[in-house]
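Worksheet: one structure, shown below.
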There are 2 protein chains.
Amino acid sequence: MVDQVDRILEQWSTEKPDLDVSPMAVIGRLSRTALAIETRLAATFTRYGLDASSFDVLATLLRSGAPYRIAPAALARDAMISTSAVAQRLNKLQTRGLVSREANPDDGRGTLVALTDAGKRLIDTALAPHVETERAITAILTIEEQSILVGLLQRINAAATRD
Amino acid sequence: MVDQVDRILEQWSTEKPDLDVSPMAVIGRLSRTALAIETRLAATFTRYGLDASSFDVLATLLRSGAPYRIAPAALARDAMISTSAVAQRLNKLQTRGLVSREANPDDGRGTLVALTDAGKRLIDTALAPHVETERAITAILTIEEQSILVGLLQRINAAATRD
DNA sequence: GATCGATTGCTAAGCACTTAGCTATTATAG
DNA sequence: CTATAATAGCTAAGTGCTTAGCAATCGATC
């Protein structure tokens, strides 16, 4: 099966025959696959009036368990984005009535973000279809293959993160 | 090795014990690994006064071979972005004198983007260090493991793209 | 207990993408 | 040949991220 990355590698081998560009075979596919997945998942989010960012916030609140209340800083760590980006996501969700902000009783600087009833209903509805979309993608691999893939990704991730 | 994705899966199994969220183990790691790689690669681009987008354009021109001239539409297909985004990338690179735009002699609507001498020198300089950064990441896996990973990614990519 | 550095969460400004919409040119159908 | 549809490339406007910078509060040290 010849894909776009194969064509790119072929061009490099013609233009820079002395350069070993084999790392691109791995990293190129990884980036493109992540993008393809993102695009595919977006369709499900749209069906429920959401996008990946909003879904992410609501799902993080849901899986934190009752009373579905967490600090913005925790949302930022979890989503690997800045606290500023979190504030902007929350502004949007709060305007739609899906989350609310309360003062943190234990920390005068802090805020607690809470799922509203409408937010809880929406994420409860959207969660299973989202996971089904993910399953439609991963089901191409056996459980064993998925487990191999996860192991390889963990090692690549560790190598990319260190230093 | 327990990572952030493991903690997320554990939360889900507590909060939604009836929902099989195992697809998240694969897709969550894939997204996070792609992001970690992107972050790591950015440092090398910065060393040469570039970012991923600019590097991408210059590298695409370089690997197309002499005379290093291609249409904006081809750049868009290759980078999987809109032609509008290409136009904006080109505006920036043209301002810096790294690419030039010429009329396409074979198509009155079209433009050809060309590497300037300065652009060619820059990408010739930055290419090998970039590939070395990629190799520093992928070298954690043996060649056989890399080849297994590529095969699994190709299948996931195909599954995410179809329908 | 006062001070000073760290932390929390926010807005403002900048940046790179998207879609929408435009002009100009080319290809197709009759 | 002409009318119409398709294509190429662009700018404008909107979106969501980033970094910078702010005010308020907390914690550690003396």
Side-chain angles (χ1 to χ4, degrees), chain A residues 31-32 34-36 38-43 45-46 49-58 60-61 69-96 98-114, chain B residues 31-32 34-36 38-43 45-46 49-58 60-61 69-96 98-114:
Chain A
S31 307
R32 282 158 191 264
L35 186 59
E38 198 178 299
T39 303
R40 174 68 173 274
L41 298 183
F45 296 142
T46 300
L50 290 169
D51 54 23
S53 305
S54 298
F55 182 94
D56 193 37
V57 170
L58 298 180
T60 302
L61 282 163
R69 244 173 268 275
I70 53 187
L75 284 168
R77 272 191 297 277
D78 202 280
M80 301 192 296
I81 57 174
S82 62
T83 57
S84 163
V86 169
Q88 294 169 68
R89 288 182 179 190
L90 293 177
N91 289 344
K92 210 169 61 159
L93 289 167
Q94 193 171 20
T95 300
R96 293 184 58 190
L98 299 174
V99 306
S100 61
R101 285 194 257 219
E102 314 166 358
N104 185 335
D106 298 330
D107 187 334
R109 298 165 298 184
T111 299
L112 287 180
V113 183
Chain B
S31 307
R32 281 159 192 265
L35 185 60
E38 199 179 299
T39 303
R40 174 67 174 274
L41 298 183
F45 296 142
T46 300
L50 290 169
D51 54 23
S53 306
S54 298
F55 182 94
D56 194 36
V57 170
L58 298 180
T60 303
L61 282 163
R69 244 174 268 275
I70 53 186
L75 285 167
R77 272 192 297 278
D78 202 280
M80 300 192 297
I81 57 174
S82 63
T83 57
S84 164
V86 169
Q88 294 170 68
R89 287 183 180 187
L90 293 177
N91 288 345
K92 211 170 58 160
L93 288 167
Q94 192 171 18
T95 300
R96 292 184 60 189
L98 299 174
V99 306
S100 62
R101 283 194 259 219
E102 314 166 358
N104 185 335
D106 299 330
D107 187 335
R109 299 165 297 185
T111 299
L112 288 180
V113 183

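Residue numbers begin at 1 in each chain, while the letters A, B, ... track the order of the sequences.
- Positionally, the nearest nucleotide of DNA chain D for A:Met80 lies more toward the 5' end than for the other of A:Met80 and A:Asp106.
- Rounded to whole angstrom, the span from the CG atom of B:Leu93 across to the C1' atom of D:dG9 amounts to 16 Å.
- At whole-Å resolution of the value, CG in B:Asp56 and P in C:dA16 are 14 Å apart.
- Which of C:dA16, D:dG16, C:dC10 sits closest to the side chain of A:Arg101 comes down to C:dC10.
- Rounded to whole Å, the distance from CG on A:Leu75 to P on C:dC10 is 10 Å.
- One atom, CG of A:Leu35, and another, P of C:dT18, lie 9 Å apart when rounded to the nearest Å.
- Looking only at atom types and distance, the side chain of A:Arg101 has a donor-acceptor partner in the side chain of A:Asn91 under 3.5 Å away.
- Both A:Gln88 and A:Asp107 lie near DNA chain C, and the one whose nearest nucleotide falls closer to the 5' end is A:Asp107.
- Here CG of A:Leu61 is found 4.5 Å from CD1 of A:Ile70. Values are rounded to the nearest 0.5 Å.
- For the residue pair A:Asp56 / A:Ser53, no side-chain donor-acceptor distance below 3.5 Å is found, with atom types taken as modelled.
- B:Pro72 pairs with exactly one of B:Leu112, B:Asn104, B:Val86 by the side-chain contact (heavy atoms from CB on, under 4.5 Å) rule, that one being B:Val86.
- Nearer the 5' end of DNA chain D, as judged by each residue's closest nucleotide, is the contact made by B:Ala73, out of B:Ala73 and A:Ile81.
- B:Asn91 has no side-chain polar atom (N or O) that falls below the 4.0 Å cut-off from OP1 or OP2 of D:dG9.
- Taking every side-chain heavy atom of A:Arg109 into account, C:dT7 is the closest of C:dT26, C:dT7, C:dC17.
- Remark: the A:Ser84 side chain and the D:dT19 base include a donor-acceptor N/O pair separated by less than 3.5 Å.
- Looking at the side chain of B:Ser53, the nearest of the listed nucleotides C:dA16, D:dT11, C:dC10 is C:dA16.
- The distance between atom CZ of B:Arg77 and atom P of D:dG9, rounded to the nearest whole Å, is 9 Å.
- Ionic pairing of B:Asp51 and B:Lys92 is present here: one or more N-O contacts between side-chain nitrogen and carboxylate oxygen are shorter than 4.0 angstrom.
- A donor and an acceptor atom never sit less than 3.5 Å apart when one is taken from the side chain of A:Thr111 and the other from the base of C:dT8.
- B:Leu90 places its CG atom 14 Å from the C1' atom of C:dC17, with the value rounded to the nearest Å.
- Between the CZ atom of B:Phe55 and the P atom of C:dA16 there is a distance of 17 Å, rounded to whole Å.
- The separation between B:Ile70 atom CD1 and D:dA8 atom P is 14 Å, rounded to whole Å.
- Between D:dT25 and A:Asn104, no contact under 4.0 Å exists linking OP1 or OP2 to a side-chain N or O.
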